[in-house]
Amino acid sequence: MYRTHTCGELNKKHIGENVSLSGWVQKSRDLGGMTFLDLRDRYGITQLIFNMEARSELCKQARKLGREYVIHVQGLVVERSNKNLKMPTGEIEIEISGLKVLSSSDLPPFTIERETDGGEELRMKYRYLDLRRKPLQENLFLRHKMAKEVRKYLDGENFIEIETPYLIKSTPEGARDFVVPSRMNQGQFYALPQSPQTFKQLLMISGYDRYFQLVRCFRDEDLRADRQPEFTQIDCEMSFVEQEDVLNMFEGMLKHLFRSIKEIELTDDFPRMPYDEAMRDYGTDKPDLRFDMKLKDITSLVHGKNFRVFDQAEYIGGINAFSCAGYSRKQLDQLTEFVTQPQIGAKGLVYLKINEDGSFKSSVDKFFKEQDFYQWKEAFNAKKGDLLLLLAGTKSKTLVALSELRLEIGKRLDLRNDNEFIPLWVIDFPLLEWDEARSRYAAMHHPFTSAKAEDIKWLDSDPGRVHANAYDLVINGVEIGGGSIRIHVKEEQERMFRHLGFTDEEAETQFGFLMNAFKYGAPPHGGIAFGFDRLVALFGGSESIRDYIAFPKNNSGRDVMIDSPSAISEEQLKELNLRGGASKVHNNVILNLFQNLKLLITSRS
Ligand code: ASP
């Protein structure tokens, strides 16, 4: 038997018992006639003590053990004279009478402790060692607990978990597909699912009524801290539901998770905000409502005063960074640098300080009169001591920049408290969005989303005006989930494809199976999918989803530990008929590429 107890289990109650433990050597120290050794496993750390006088052989053996050796020991639980009340095992230690080395260890490339000296890249390469560290173990345990609670809640609501295939045909979620060549069907490719969207809709048609799946999704897109090429969704679909039914069901799931995992009772209904309002007031469809600081459109107020930057701008707006009038030149320069960095893209920053004595100081003093500044002050409802920050440019870009500036000021003013969680449903999304590059409309959510009944009349004449039965759940400015009520009538789905630029034949080739299924009695249905990694990261208090995934990829989509992606052998290539130039490539390859391109065009990016 390798162990009678784990390394986190023994305490005063066990004093006098003979026990055996197995685990990793965390560290050891020799003190005169004694060697103390910390033994670690998943459950905790237990102090072992080797006595040179009583058992010199054993003690000498212990002194040779290095960090991360795996050992098995027997001994007697005794009370510690020097107690450590901060750890559960801190009142006891084990007087060792038997030791066996199960496995030796090279010196690890970084310290396996809560705070490590290893850099990110090194830790990714030795991920299996990094995963030994407590913070990562806590993260994966949180993930496990959340998955368990999700299943518990949904099971209690009659949802059943059904697996859908990974080797499929493209599903349009707006990213590129990962493709897998088929050996048995040469020249043809599977696509890995960007989501199980079409399958869950088919399951509704099959009568399963309430489906869910904790499922891996694959999207080939540029990576950020909160994106991975493969990620996990809590994917859900329900039949015979309207938007309100879906929102209430999943509000319930989030409340359950907050209650069971974080002991936070979210008693109020989650607020709902139309997309247009979110964009107007926060410049984003995922506002962080932990603080107010709404954007203010002052275009009409500042136009026509002979300040060219403003006069030429489509939109001028700003925020009131309250209580910041005392900002120094340096701080204002930092903010200007912040908004003009390429990712944010503003051209410059205009400020107005409303000094404590009521006087104004602005970067555009030359162009505006005091009377103008009074108007600005009023528009923003500003007080003495406040600082107005203004940006100008095209409306869409300026809103994005203002939204980032708002978050930055929120951070500087310490208004984004990690222990506060403010959920929000953003509803009434536009059905379509204008794709500048391709000069056409594309589906904002995906092509299976239904339009608001009252807006359908504009679908031909003014497509941009049509709203969708689509919704996102946002918590603290993070998009946690999104979904929609679907189209379930064949003719409507056909019409939608036509609007997205598909010919009838293309729609048939790509989604004929779904439209065919609609012919055999499709219930009205709708659903939602949550980004599980992001949700766990939010609960864990971090922005990086990587810390919550056992084996993530780095920023270039690589797994540096197993060194993937990597080249495959000539033999494999040949077997798949993937070499030899276009002449040898089957027509289907071209067809597939063409269809994937089409999907990119018709979905949001
Ligand atoms: N399939 C959608 C997505 O992955 C979610 C949904 O509409 O249910 O975003």
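Atoms within a ligand are numbered from 1 in the order they appear, just like the ligands themselves.
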Would you say Glu479 touches ligand 1, if touching means a heavy atom closer than 4.0 Å?
no
Enumerate the atoms of ligand 1 whose separation from the nearest heavy atom of Lys200 is less than 4.0 angstrom.
6 (C), 8 (O)
If you count the atoms of ligand 1 from 1 in the order shown, which ones are under 4.0 Å from a heavy atom of Gln233?
3 (C), 4 (O)
Look only at interatomic distance and state if Ser195 has a nitrogen or oxygen under 3.5 Å from any nitrogen or oxygen of ligand 1.
yes
Quick one: sort the Phe421 and Phe539 rings into parallel, tilted or perpendicular, breaks at 30° and 60°.
tilted
Is any side-chain N of the basic residue among Glu237 and Arg486 closer than 4.0 Å to the acidic one's carboxylate O?
yes
Please work out which of the three classes, parallel, tilted or perpendicular, describes the rings of His525 and Phe518, given edges at 30° and 60°.
tilted
If we number the atoms of ligand 1 from 1 as shown, the ones under 4.0 Å from a heavy atom of His445 are 6 (C), 7 (O)
Taken to the nearest 0.5 Å, the spacing of Gln188 CD from Tyr190 OH works out to 9.0 Å
Any non-hydrogen atom of Gln194 lying under 4.0 Å from ligand 1?
no
Which is it for Ile528 and ligand 1 at heavy atoms under 4.0 Å: side chain, backbone, both or neither?
backbone
Salt bridge flag under 4.0 Å for residues Glu138 and Arg143
no
Which of the atoms of ligand 1 are close to Arg219, meaning less than 4.0 Å from one of its heavy atoms?
3 (C), 4 (O)
So Phe178 and Phe218, would you call those rings parallel, tilted or perpendicular, with 30° and 60° as cut-offs?
perpendicular
For the pair Glu492 and Ser450, evaluate side-chain hydrogen bond (donor to acceptor under 3.5 Å, both in side chains) and give the outcome as yes or no after the intermediate values.
CA-CA 9 Å; Glu492 271 177 42; Ser450 64; over 6 Å; no
Should Arg486 be counted as touching ligand 1, given the test is an N or O pair under 3.5 Å?
yes
Measuring from atom CZ of Phe502 to atom CZ of Phe497, what distance do you get when rounded to the nearest 0.5 angstrom?
5.5 Å
Give the atoms of ligand 1, by number and element, whose distance to some non-hydrogen atom of Gly483 is under 4.0 Å.
6 (C), 7 (O)
At a 4.0 Å threshold, what atoms of ligand 1 neighbour a non-hydrogen atom of Ala529?
5 (C), 8 (O)
Is the closest N or O pair between His446 and ligand 1 shorter than 3.5 Å?
yes
